[in-house]
Amino acid sequence: MLFRKGPDIRSSEITPEGAFQKHSQDRRQFLASAAVLGAGALAATRFVGMLNPATKVFADTQKLQTIPSQYNVTETQTPEAKATAYNNYYEFGTDKSAPARNAHTLQTRPWTVQVDGMVAKPLTLDVDSIMKYRPIESRVYRHRCVEAWSMVIPWDGYSLAEFIKFCNPLPSAKYVQFITDLNKKQMPDLPFGFSFPYSEGLRLDEAMNPLALLTFGCYGNVLPNQNGAPIRVVSPWKYGFKNGKAIVKFHFTDKQPHTLWNDMAPDEYGFYANVNPTVDHPRWSQAHERRIDSSPFPKTIPTLPFNGYADQVAGIYNGMNLKRFF
Ligand SMILES: Nc1nc2c(c(=O)[nH]1)N[C@H]1C(S)=C(S)[C@@H](COP(=O)(O)O)O[C@H]1N2
Ligand SMILES: [Mo]
């Protein structure tokens with residue numbers, strides 16, 4: 001395997017008291033640096049954003065400093081031009097090419113993120129301070145859409161677990177919900193018939209797996225709007241729809257949160273959405289996928305259990321019927 005085997009985190013081990021104490025030092029430092037760095041970083045990004053409303057230009061001028069990751073796959077990467085032009089982001093249209101054309105209307109700075117629900121203390125944070133909390137890794141991940149296409153994308157971020165520990169969830173919290181911005185003015189193409197804002201979520205033990213990435217960029221640039229700027233989640237062993245874009249709220253809860261696709265069609269899009277070649281979508285097979293890479297025609301390749309990340313994540317689901325909890 002290409003990966004180091006990750007620690008097998010069980011829900012009973014999530015957010016023990018000791019972790020909170022160990023973390024309070026980091027937390028104080030983070031709050032201090034957030035206060036100091038917030039204003040300058042915010043001014044710089046707004047300036048660039050205002051000069052260059054076009055998303056592509058914004059991304060090109062916003063290089064990220066990244067460190068290497070131990071979690072890279074070695075398959076051929078999808079060219080940046082393809083990964084940023086073929087998107088699912090229904091707030092900006094249901095066509096795959098629509099988000100790249102339309103998403104520039106979303107203003108991604110200033111951007112505040114709320115942390116609420118079952119946490120020691122609700123927080124309102126500036127996205128730039130969240131981005132600076134931990135070094136940004138470049139992680140080359142497989143990215144598998146439920147519609148049976150896939151890409152290989154270098155995402156830039158740090159483990160969601162780091163941020164969750166910072167959020168201080170109560171021991172009773174069992175899930176974290178990610179809620180996307182809903183701004184009708186900045187989303188003039190919002191289609192009818194969807195229960196926006198987009199909502200997704202993970203069980204806390206899934207969210208604490210080191211593979212789950214709090215993502216700010218891709219290909220070494222800040223995320224283009226169509227890929228979820230300024231902050232999104234990437235959980236590479238799950239179908240792409242789990243990976244909410246443009247997050248404005250992390251809500252901690254003890255109940256399985258509602259999710260947009262599960263609301264829309266519960267028999268087609270389960271809450272867990274683990275990539276599973278043996279559980280077909282009611283309307284198509286999930287045994288294979290079309291890999292969008294550098295070749296002009298996507299190759300059809302077999303889909304791997306947990307998208308090839310079974311060594312890291314299968315343990316999370318020990319004893320669970322994955323055909324029932326799909
Ligand atoms: N807010 C929001 N997030 C979203 C979606 C969406 O429509 N709205 N689509 C999801 C789906 S179905 C996929 S496959 C991925 C696509 O991410 P990408 O466009 O960066 O490849 O985003 C997910 N996150
Ligand atoms: Mo998707």
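The residues of the chain are indexed from 1 along the displayed sequence. Order of listing sets the numbers, starting from 1, for every ligand and every atom in it.
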### Query
For ligand 1, does Glu147 get within less than 4.0 Å through its side chain, its backbone, both, or neither, judged by non-hydrogen atoms?
neither
#### Entry: Within-cut-off N or O pair, Trp155 and ligand 1, under 3.5 Å
no
### Query
For Thr180, is at least one N or O under 3.5 Å away from an N or O on ligand 1?
yes
### Query
Any donor and acceptor pair, going by atom type alone, linking the side chain of Thr215 with main-chain N or O of Leu213 inside 3.5 Å?
yes
### Query
Taking only heavy atoms of Tyr90, which atoms of ligand 1 are found under 4.0 Å from at least one of them?
6 (C), 7 (O)
### Message
Heavy atoms only, cut-off 4.0 Å: how does His143 contact ligand 1, side chain, backbone, both, or neither?
### Response
side chain
### Task
Output the list of atoms in ligand 1 that are nearer than 4.0 Å to some heavy atom of Cys145, sorted by atom number.
14 (S)
### Task
Flag this pair as yes if the NZ/CZ of Lys242 is under 6.0 angstrom from the six-membered ring centre of Phe271 and inside a 45 degree cone about the axis; otherwise no.
yes
### Task
Note the single closest protein heavy atom to atom 1 (N) of ligand 1, along with its residue, its atom name and the distance in Å.
Glu91 OE2, 2.9 Å
### Message
Students should be able to answer this: which protein heavy-atom is nearest to atom 15 (C) of ligand 1, and at what distance?
### Response
Gly240 O, 3.5 Å
### Results of side chain to side chain donor-acceptor pair (under 3.5 Å) for Asp189 - residues two or more places apart only
Asn102
### Query
Would you call the rings of Phe241 and Tyr239 parallel, tilted or perpendicular if under 30° counts as parallel and over 60° as perpendicular?
parallel
### Task
Run the numbers for me: atoms of ligand 1, each under 4.0 Å from some heavy atom of Asn227, listed by number.
18 (P), 20 (O)
### Summary
Ranked by distance from atom 10 (C) of ligand 1, the top protein heavy atom is Tyr198 OH, 3.5 Å
### Within the 6.0 Å centroid threshold, strictly below: His251 and Tyr175
no
### Query
Please state which protein non-hydrogen atom is closest to atom 24 (N) of ligand 1 and give its distance, to 0.1 Å?
Asn243 O, 2.9 Å
### Task
Quick one: look up the protein heavy atom nearest atom 9 (N) of ligand 1 and list residue, atom name and how far away it is.
Asn88 O, 3.2 Å
### Query
Which is it for Arg232 and ligand 1 at heavy atoms under 4.0 Å: side chain, backbone, both or neither?
side chain
### Message
Is there a continuous path of hydrophobic side-chain contacts, each under 4.5 Å between heavy atoms, that joins Tyr86 to Trp155?
### Response
yes
### Task
Take the angle between the ring planes of Phe178 and Phe250 and call it parallel below 30°, perpendicular above 60°, tilted in between.
perpendicular
### Message
Quick check on the 6.0 Å ring-centre criterion: do Trp237 and Tyr309 meet it?
### Response
no
### Query
According to the interplanar angle, ranging from 0 to 90°, do the rings of Phe194 and Tyr90 count as parallel (below 30°), tilted (30 to 60°) or perpendicular (above 60°)?
perpendicular
### Message
Students should be able to answer this: which protein heavy-atom is nearest to atom 18 (P) of ligand 1, and at what distance?
### Response
Lys245 NZ, 3.5 Å
### Message
Determine whether a donor-acceptor pair (N or O, by modelled atom type, separation under 3.5 Å) exists between the side chain of Thr105 and the backbone of Gln186.
### Response
yes
### Task
Check each heavy atom of Phe241 against ligand 1 and say whether those closer than 4.0 Å belong to the side chain, the backbone, both or neither.
both
